[in-house]
Amino acid sequence: MQTPGFTKTLLFFLLIPATFVTSCEQNNTENKHEINQNDLSSLKKEIELRLRDYENYLRNGDSIALGNMYVQDAEIIPSTAGRENITKVFGEMIRDSIIGSFETTNLWGTDQLLVEEGKGSWSKINGKVIGRGKYLLVWKKDDKKWKILRDTWFPEK
């Protein structure tokens, strides 16, 4: 016959390893999407190609393609929510002959969600710069393509 103390001790020694194994499995799941520097370098190239697409769509006056670079529920913070409204804003910019040039300065995240810090400028098609500043873009993998989830701009003072 086992004593209550023996049963408690046995449970203690069975529960501690089980808890340890469970927490290790949880940490492995949490780290699953972390990426190493080589992968980040590759992702940076992908994002830079998407930026060139963005610039080209502006230059070519394609507000639909620009809008499609954003996920359906995207936001340009603080004022524009939803892909349809974002597309309208780009249409207005294109009618005003506005183009842009952008450069990634920092990138971090996972293989499904990236935050890009960058600098850029907005100008008229004739080359006259109308604004310079920094930006943050949150990129999300959507249907196997990087699309913008959140977009914000910080003008130089």
Side-chain angles (χ1 to χ4, degrees), residues 18-157:
T19 303
F20 179 76
V21 168
T22 303
S23 68
C24 287
E25 288 176 7
Q26 184 178 2
N27 284 341
N28 284 340
T29 303
E30 290 170 358
N31 294 334
K32 182 178 172 184
H33 291 291
E34 286 185 14
I35 53 179
N36 64 39
Q37 282 305 112
N38 289 337
D39 291 338
L40 193 57
S41 176
S42 174
L43 291 172
K44 184 176 180 182
K45 289 176 185 172
E46 287 182 49
I47 294 302
E48 287 174 345
L49 287 173
R50 295 296 286 158
L51 284 175
R52 299 305 73 84
D53 289 340
Y54 189 99
E55 292 168 348
N56 288 331
Y57 296 148
L58 263 173
R59 192 173 296 107
N60 295 330
D62 193 341
S63 62
I64 302 296
L66 275 164
N68 286 331
M69 289 194 65
Y70 290 77
V71 297
Q72 192 66 37
D73 60 344
E75 286 186 42
I76 298 177
I77 298 170
S79 60
T80 309
R83 184 188 296 156
E84 185 178 327
N85 292 324
I86 290 169
T87 302
K88 288 177 185 176
V89 167
F90 283 124
E92 292 168 12
M93 291 173 66
I94 287 167
R95 283 187 291 283
D96 285 341
S97 301
I98 296 174
I99 60 173
S101 176
F102 310 96
E103 177 188 348
T104 304
T105 57
N106 200 358
L107 187 72
W108 62 94
T110 70
D111 61 349
Q112 296 297 307
L113 197 66
L114 291 168
V115 177
E116 175 197 2
E117 181 179 356
K119 60 183 180 178
S121 65
W122 296 100
S123 58
K124 292 286 191 168
I125 199 88
N126 65 9
K128 180 182 178 199
V129 174
I130 58 173
R132 293 184 200 282
K134 292 183 177 183
Y135 64 87
L136 280 177
L137 294 176
V138 178
W139 293 88
K140 179 181 178 182
K141 203 67 149 199
D142 183 56
D143 199 24
K144 299 183 182 179
K145 259 191 158 172
W146 287 107
K147 293 188 178 183
I148 301 167
L149 176 66
R150 296 292 183 268
D151 180 343
T152 190
W153 176 260
F154 307 94
E156 284 182 355
K157 303 235 175 193

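All values below were derived from every heavy atom in this structure, side-chain atoms included, with hydrogens, water molecules and symmetry-related copies excluded.
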By side chain to side chain donor-acceptor pair (under 3.5 Å) - contacts of Tyr57 (at least two apart): none
Lys119 atom NZ, over 12 foreign heavy atoms within 6.0 Å: no
Gap separating the CG atom of Leu114 from the CD1 atom of Ile47, nearest 0.5 angstrom: 5.0 Å
Side-chain donor-acceptor pairs under 3.5 Å in residues 59-67, sequence neighbours left out?
from: Arg59; atom 1: NH1; to: Asn56; atom 2: OD1; distance (Å): 2.9
from: Asn60; atom 1: ND2; to: Asn56; atom 2: O; distance (Å): 3.1
from: Asp62; atom 1: OD1; to: Ile64; atom 2: N; distance (Å): 3.3
from: Asp62; atom 1: OD1; to: Ala65; atom 2: N; distance (Å): 3.0

With sequence neighbours excluded, residues passing side chain to side chain contact (heavy atoms under 4.5 Å, CB included) with Thr152: Ile77, Leu136, Phe154
Qualifying salt bridge (Lys or Arg N to Asp or Glu O under 4.0 Å) pairs with a residue from residues 65-76, counting only residues at least two apart or across chains: Glu75-Arg150
Contacts of Arg132 that satisfy salt bridge (charged side-chain N to carboxylate O under 4.0 Å, His left out) - sequence neighbours left out: none
Pair listing, side-chain hydrogen bond (donor to acceptor under 3.5 Å, both in side chains) test, anchored in residues 76-93, at least two apart: Gln72-Arg83
Rounded distance [0.5 Å steps], CD1 in Ile86 versus CD1 in Ile148: 8.0 Å
Distance in Å, Thr110 OG1 paired with Leu40 CG, rounded so as to fall on 0.5 Å steps: 10.5 Å
Sequence-distant partners of Lys140, salt bridge (charged side-chain N to carboxylate O under 4.0 Å, His left out), two or more places apart: none
Atom pair CD1/CD1 of Ile98 and Ile125 - distance to nearest 0.5 Å: 10.5 Å
Nearest atoms (heavy-atom pairs only) where Thr104 meets Leu107: CG2-CB, 4.5 Å
Inter-residue atom distance Lys44.NZ - Leu51.CG, 0.5 Å rounding: 10.5 Å
Side chain to side chain contact (heavy atoms under 4.5 Å, CB included) involving Asn126 - partner list, sequence neighbours excluded: Lys124, Lys128
Partners passing ring-ring contact (aromatic ring centres under 6.0 Å, His included) against Phe90 (at least two apart in sequence or in another chain): Tyr54, Tyr70
Any residue meeting salt bridge (charged side-chain N to carboxylate O under 4.0 Å, His left out) with Glu46, in chain and number order, not counting sequence neighbours: Lys141
Check: Tyr135 and Thr105 side chains under 4.5 Å, non-hydrogen atoms: no
side-chain contact (heavy atoms from CB on, under 4.5 Å) partner of Glu116, chosen from Trp139, Trp146, Trp108, Phe102: Trp139
Closest approach of Asp111 to Leu43 (non-hydrogen atoms, all atoms of both residues): CA-CD1, 4.4 Å
Side chains of Leu58 and Trp122 in contact at under 4.5 Å (non-hydrogen atoms): yes
Under the salt bridge (charged side-chain N to carboxylate O under 4.0 Å, His left out) test, residues paired with Arg52 that sit two or more places apart: Glu55
